[in-house]
Amino acid sequence: MTELDRPAAAPSLLSRMKPNLETLPTLAAVAIFVAMLIYGEIAYGRIVAFSTISNLLINNAYLIILAVGLTFVILTGGIDLSVGAVIAISSLVGVMLANAGWNPLVVMVLMILVGSVFGVASGVLIQYFNVQPFIATLAMMFLARGLASILSTTPQRLEDDSLIRTLSTQWKVYDGPKIDDLVTTPNVLIAAAVVIVAFFLLHRTRFGRTVYAIGGSEQSALLMGLPVVRTKLAIYIISGTLAGLAAVVYTSKLGIAQNITGVGWELDAIAAVIIGGTLLTGGAGFVLGSVIGALVLGLMNVLITRDGGIPPEATTIITGGILLAFVLLQRFVVSRKRKT
């Protein structure tokens, strides 16, 4: 192997997390999250509490999983618009099979595999047919949504005693004063496991180094002899698979599936990734930042609900404003990097 073929050693996580231009958006997201907590505590009270943090994690476990999957895609400079529709088709398949008497464990595996199939289709279109990621995943979005509508246009309710519902069983971790308890669910633990595995893949494996290299310059990654084709196919499979897993998590919590489930969730997940500091152009970002981005969106909904005077429609306006600010911040980071 020549020096050109040998990939450069990936920088350590500590070096990546030192304050610099690349970490500025992620640090900004952390600062916004902390500021929102402080503001909420001052304005409404009982925001900085075990119960609030518990509910924040429980209610946003599926969004965290989606955001992790989108992080892999966006790190390479790609996009995946199909994840919301994949959740719809996957959840409908799962609920209908479970209600038909199928083994719940088999059903959950099939729900995840449905997402994997759509991920494979997107990856093949992008890598082997040279279809732009936006168009390929948009096609998969319409396909998944259409198939979901064929399956059912009315809500399908999961039986209350289904084993799938046990994933939302609350476990008390800490018995706090009055009702301020720290609780968790298997769904939260699943989301945490996804974050840990994704963190390891991106920061401790050759696969992760290749993902960052593709985002930095796909042509350079090819010249270095990195497995670009295999890696780009894998990231869309990861995104689709995690969308299927998110469907399991969401369905177990709500107990209902319908063809309109997940409308706009792909945009929420993309927003979480961008707010968390991952550059839209790829090559820079952190999976932990995407988690912070998802929690920022979740906490924003909590604060709007607590206020009571802000209409729910304002959520999208505020999200758009925050997203615009972070896109401008990213443009600043990219322009400064070009000058250095």
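Since the structure is predicted, the reported quantities are computational estimates derived from the model, not experimental observations.
- Distance check, rounded to the nearest 0.5 Å: CE of M300 to CZ of F33 gives 12.5 Å.
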Do M140 and L125 pass the side chain to side chain contact (heavy atoms under 4.5 Å, CB included) test, and can you show the C-alpha distance, the side-chain angles, and the key distance before you say yes or no? CA-CA 10 Å; M140 289 301 104; L125 285 174; 3.9 Å; yes

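- Looking at heavy atoms from C-beta onward, F118 lies in side-chain contact with L147 at the 4.5 angstrom threshold.
- In terms of heavy-atom proximity, I65 sits nearest to V249 at CD1-CG2, 3.7 Å.
- Salt bridge present: K232 and E218 bring a charged side-chain N and a carboxylate O closer than 4.0 Å.
- Counting non-hydrogen atoms of neighbouring residues, nucleotides and ligands closer than 6.0 angstrom, the CG atom of D160 reaches no more than 12 such neighbours.
- A98 and L158 make their closest contact through CB-CD1, 3.7 Å (heavy atoms, listed as atom of the first residue, atom of the second, distance).
- Looking only at side-chain heavy atoms (C-beta outward), T185 and W171 stay at 4.5 Å or farther from each other.
- Tracing side-chain contacts under 4.5 Å through hydrophobic residues (I, L, V, M, F, W, Y), one reaches L254 starting from V114; they form part of the same cluster.
- Judged by distance alone, the side chains of T231 and T210 never bring a donor and an acceptor atom under 3.5 Å apart.
- Proximity of M141 to V83: side-chain heavy atoms (C-beta onward) are nowhere separated by under 4.5 Å.
- Closest heavy-atom contact between V48 and E41: N-OE1, 2.8 Å.
- Nearest heavy atoms, V86 versus A243: CG1-CB, 3.8 Å.
- At a threshold of 4.5 Å between non-hydrogen side-chain atoms, the residues L163 and L105 count as touching.
- Of the possible donor and acceptor atoms, none in the side chain of T153 sits under 3.5 Å from a partner among the backbone N and O of S149.
- Note that CG of L110 and OG of S116 are 10.5 Å apart. Values are rounded to the nearest 0.5 Å.
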Derivation and outcome, side chain to side chain contact (heavy atoms under 4.5 Å, CB included), residues V197 and V68: CA-CA 10 Å; V197 172; V68 169; over 6 Å; no

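- Between atom CD1 of residue I87 and atom CD of residue E266 there is a gap of 9.0 Å, rounded to the nearest 0.5 Å.
- Counting only distance, with no hydrogens or angles, the side chain of T278 and the backbone of I274 share no donor-acceptor pair below 3.5 Å.
- Here the side chains of R46 and S51 are in contact, with some heavy-atom distance below 4.5 Å.
- Side-chain atoms of T251 come within 3.5 Å of backbone atoms of A247 as a donor-acceptor pair (strictly under, hydrogens ignored).
- Checked by atom type and distance alone, the side chain of R306 never pairs as donor or acceptor with a backbone atom of G40 at under 3.5 Å.
- The cluster map of Ile, Leu, Val, Met, Phe, Trp and Tyr, joined by side-chain heavy atoms under 4.5 Å apart, puts Y250 and M96 in the same cluster.
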Quick one, Y174 with D181, criterion side chain to side chain contact (heavy atoms under 4.5 Å, CB included). Give me CA distance, side-chain angles, the key distance, then yes/no. CA-CA 6 Å; Y174 173 74; D181 299 328; over 6 Å; no

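- Connection of F142 to I89 is established within a shared hydrophobic cluster, with ILVMFWY side chains joined at heavy-atom distances below 4.5 Å, either directly or through further cluster members.
- Side chain of R157 to main chain of I256: no donor-acceptor pair is present (N/O by atom type, distance under 3.5 Å, no hydrogens or angles).
- Across all their heavy atoms, L202 and Y212 have their closest contact at O-CE1, 3.6 Å.
- Annotation: Y39, atom OH; neighbour count of heavy atoms from other residues, nucleotides and ligands within 6.0 Å does not exceed 12.
- Here the side chains of T26 and I292 are not in contact, with every heavy-atom distance at 4.5 Å or above.
- Cluster membership check: V106 shares its hydrophobic cluster with I164, using side-chain heavy-atom separations under 4.5 Å among Ile, Leu, Val, Met, Phe, Trp and Tyr.
- Of the possible polar contacts, one joining the S54 side chain to the V183 backbone as a donor-acceptor pair under 3.5 Å is found.
- When each of V73, L70, V291 is paired with V273, the side-chain contact (heavy atoms from CB on, under 4.5 Å) condition holds for L70 and for no other.
- Although no hydrogens or angles enter the test, the distance criterion places a donor-acceptor pair under 3.5 Å between the side chain of S90 and the main chain of M111.
- The side-chain heavy atoms of L151 and Q156, taken from C-beta on, include no pair separated by under 4.5 Å.
- Remark: the backbone N or O of S162 is not paired with any side-chain donor or acceptor of T166 at under 3.5 angstrom.
- Under the 3.5 Å distance criterion, with hydrogens and angles disregarded, a donor-acceptor pair is assigned to the side chains of N187 and S168.
- Cluster membership for L182 and L299, using ILVMFWY side-chain heavy atoms within less than 4.5 angstrom, is not shared.
- Annotation: the span from I318 atom CD1 to L323 atom CG amounts to 13.5 Å, rounded to 0.5 Å.
- With rounding to the nearest 0.5 Å, the separation of OH in Y62 from CG in D268 is 6.5 Å.
- No donor-acceptor pair closer than 3.5 Å links the side chain of S122 to the backbone N or O of G119.
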Under the criterion side-chain hydrogen bond (donor to acceptor under 3.5 Å, both in side chains), I'd like the reasoning laid out for D80 against S239: C-alpha separation, chi angles, the key distance, then a yes or no. CA-CA 8 Å; D80 189 349; S239 180; 2.7 Å; yes

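- Side-chain contact check for V131 versus I135: some heavy-atom pair is nearer than 4.5 Å.
- Listed here is the closest heavy atom pair of I64 and A191: CG2-CB, 4.5 Å.
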Hey, mind stepping through M108 and L167 against side chain to side chain contact (heavy atoms under 4.5 Å, CB included) and telling me if it holds? CA-CA 11 Å; M108 287 186 282; L167 293 179; 3.7 Å; yes

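- One finds the CG atom of L288 at 9.5 Å from the OG1 atom of T71 (value rounded to the nearest 0.5 Å).
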